Number of protein chains: 2
Amino acid sequence: MKKKQSIVSSDQGNESQTTHEGTLDAINKRIVALLQEDGRRSYVSIGKEIGLSEAAVRLRVQKMLDDGVMQIVAVTNPMEMGFRRQAMVGITVDGDIEYVAQKLKDIRQIDYIIITAGRFDILAEVFAEDDESMLELVNRQIRKIDGIDRTELFTYMRLESQRYDWGVR
Amino acid sequence: MKKKQSIVSSDQGNESQTTHEGTLDAINKRIVALLQEDGRRSYVSIGKEIGLSEAAVRLRVQKMLDDGVMQIVAVTNPMEMGFRRQAMVGITVDGDIEYVAQKLKDIRQIDYIIITAGRFDILAEVFAEDDESMLELVNRQIRKIDGIDRTELFTYMRLESQRYDWGVR
DNA sequence: AGTGAAACGACCGTAGA
DNA sequence: TCTACGGTCGTTTCACT
């Protein structure tokens with residue numbers, strides 16, 4: 001529902017929480033770090049820990065959410081959701097990459113795709129209930145897309161330390 | 001801090017929220033879907049939307065968090081955090097995979113590693129401030145690890161539709 | 001950007017079905 | 001596993017710095 005707010009840099013002498021390069025100030029980093037542990041932690045308790053009033057914490061969090069610096073969301077565990085197979089699919093394209101990318105995005109069992117430089121043109125992370133439906137997905141859905149040359153499957157044997165804390169460690 | 005609670009399936013005629021296969025019941029799916037939009041949405045407002053009391057929603061969310069079905073966390077945007085380069089590194093190992101995996105996990109700029117079957121033994125997602133520090137990371141940190149045979153870098157040109165909603169679409 | 005205070009709303013534990 | 005309810009705590013708004 002929320003749109004990224006248009007930021008007119010109000011050059012009126014107030015020190016910004018984010019620099020032009022997009023790095024956060026020390027206070028925001030601490031706030032983000034705490035919210036990465038528990039996204040529902042109250043502003044009051046965060047404020048107590050870092051020595052700021054509840055309102056100050058809340059305004060900072062709101063600004064970071066509005067600016068698209070972070071989001072606070074439920075992240076599900078694929079295993080617990082009944083998806084026992086995950087894989088990365090390396091794809092080489094001999095047609096229109098944008099077209100292929102669009103078609104891939106329409107597939108429900110792909111959670112993200114990456115346009116890359118290297119041996120592959122696209123990497124797509126896929127999940128499936130079991131080996132059977134993983135094969136079905138790759139052979140009947142992905143490989144059928146016009147413009148796909150080859151696919152190569154990297155089945156996940158084990159996923160270590162999935163984290164969501166880019167840049168705040 | 002929280003441990004996954006041991007589930008003794010109390011076969012006393014109460015319909016469970018999770019089946020043995022780990023899929024959620026319809027109510028929990030709706031709750032998760034709403035929390036994927038806004039992880040801080042109040043239990044009261046969720047309850048109103050799905051026709052359940054605040055306490056019922058709260059108990060269900062608590063159970064899903066305790067069971068490791070989902071987590072509610074802040075997810076940062078690497079770009080906004082000043083990390084303008086992301087890449088997947090494909091790694092082949094000629095030594096001890098566990099040792100290599102452990103060493104990789106200690107590197108701050110790796111957010112997750114995947115043990116795979118296929119051309120590579122390990123896939124690692126890495127991020128860096130710029131090309132310079134990406135090269136430094138791969139050449140000076142990753143390639144120096146004992147037991148690593150070859151590495152292959154897939155630089156992200158564009159990341160499409162990163163989502164965190166496995167299985168609830 | 002930040003504080004403090006008052007009114008309101010959400011959350012939590014528990015009792016009862 | 002649900003609802004109802006009362007006590008406590010968190011959030012919101014606003015005036016002030």
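As the structure is a prediction and not an experimental result, all values here were calculated from the model.
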**Student:** Checking all strands, does B:Val44 fall into the base, sugar-phosphate, or nothing category for heavy-atom contacts under 4.0 angstrom?
**Tutor:**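 Sugar-phosphate: the residue B:Val44, judged by heavy atoms under 4.0 Å, touches backbone atoms but no base.
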**Student:** To the nearest angstrom, how far is B:Ile46 atom CD1 from D:dC2 atom P?
**Tutor:**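 Going from CD1 in B:Ile46 over to P in D:dC2 covers 14 Å.
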**Student:** Find the distance A:Leu59:CG to D:dT13:P and express it as a whole number of Å.
**Tutor:**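 To the nearest whole Å, that distance equals 11 Å.
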**Student:** Output the distance between atom OH (B:Tyr156) and atom CD (B:Gln86), rounded to the nearest 0.5 Å.
**Tutor:**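 Rounded to the nearest 0.5 Å, the OH-CD separation comes to 6.0 Å.
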**Student:** Can a side chain N or O of B:Arg40 be found less than 4.0 Å away from OP1 or OP2 on C:dA10?
**Tutor:**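 Result: no.
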**Student:** Within this structure, what is the CG-to-C1' distance between B:Leu52 and D:dT1, rounded to whole angstrom?
**Tutor:**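 That distance rounds to 10 Å.
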**Student:** Could you tell me if A:Arg108 sits above the aromatic ring of A:Phe127, with its cationic atom closer than 6.0 Å to the ring centre and no more than 45 degrees from the axis?
**Tutor:**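 No cation-pi geometry.
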**Student:** Between B:Ile27 and B:Glu54, just flag the one whose closest nucleotide in DNA chain D comes earlier from the 5' side.
**Tutor:**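 Looking at the nearest nucleotide for each, B:Ile27 comes out on the 5' side.
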**Student:** Name the nucleic acid region contacted by B:Ser53, choosing base, sugar-phosphate or nothing; use a 4.0 angstrom heavy-atom cut-off, strictly under.
**Tutor:**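 It contacts base atoms.
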**Student:** In whole angstrom, give the distance that lies between atom CD1 of B:Ile31 and atom P of D:dC2.
**Tutor:**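 Distance, rounded to whole Å: 8 Å.
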**Student:** Restricting to non-hydrogen atoms, name the atom on A:Met134 and the atom on A:Leu153 that form the minimum distance, rounded to 0.1 Å.
**Tutor:**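 Here A:Met134 and A:Leu153 meet closest at CG-CD2, 4.5 Å.
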**Student:** I'd like to know if B:Arg58 reaches the base of C:dG13 with its side chain such that a donor and an acceptor end up less than 3.5 angstrom apart.
**Tutor:**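 It does, because a donor-acceptor pair links the side chain of B:Arg58 to the base of C:dG13 below 3.5 Å.
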**Student:** Output the distance between atom CG (B:Leu104) and atom CD1 (B:Ile145), rounded to the nearest 0.5 Å.
**Tutor:**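 These two atoms lie 4.0 Å from each other.
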**Student:** Using whole Å, report how far CG of A:Asp25 lies from C1' of C:dA1.
**Tutor:**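 Result: 11 Å.
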**Student:** Could you tell me how far apart B:Arg41 (CZ) and C:dG9 (C1') are, to the nearest whole angstrom?
**Tutor:**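 Taking atom C1' of C:dG9 as the reference, CZ of B:Arg41 is at 15 Å.
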**Student:** Is there a donor-acceptor contact under 3.5 Å linking the side chains of B:Arg40 and A:Tyr43?
**Tutor:**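 Judged by distance alone, the side chains do pair up.
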**Student:** To the nearest angstrom, how far is B:Lys48 atom NZ from C:dA10 atom C1'?
**Tutor:**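 So the two atoms are 10 Å apart, to the nearest Å.
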**Student:** Using whole Å, what does the distance between atom P of nucleotide D:dT11 and atom CG of A:Leu65 come to?
**Tutor:**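 Whole-Å distance recorded here is 13 Å.
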**Student:** Between C:dA10, D:dT11, D:dT3, spot the one nearest the side chain of B:Ser42, thanks.
**Tutor:**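 Nucleotide nearest to B:Ser42's side chain: C:dA10.
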**Student:** Are B:Arg60 and D:dC2 close enough that a side-chain N or O sits under 4.0 Å from OP1 or OP2?
**Tutor:**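 For B:Arg60, the contact criterion (side-chain N or O under 4.0 Å from OP1 or OP2 of D:dC2) is met.
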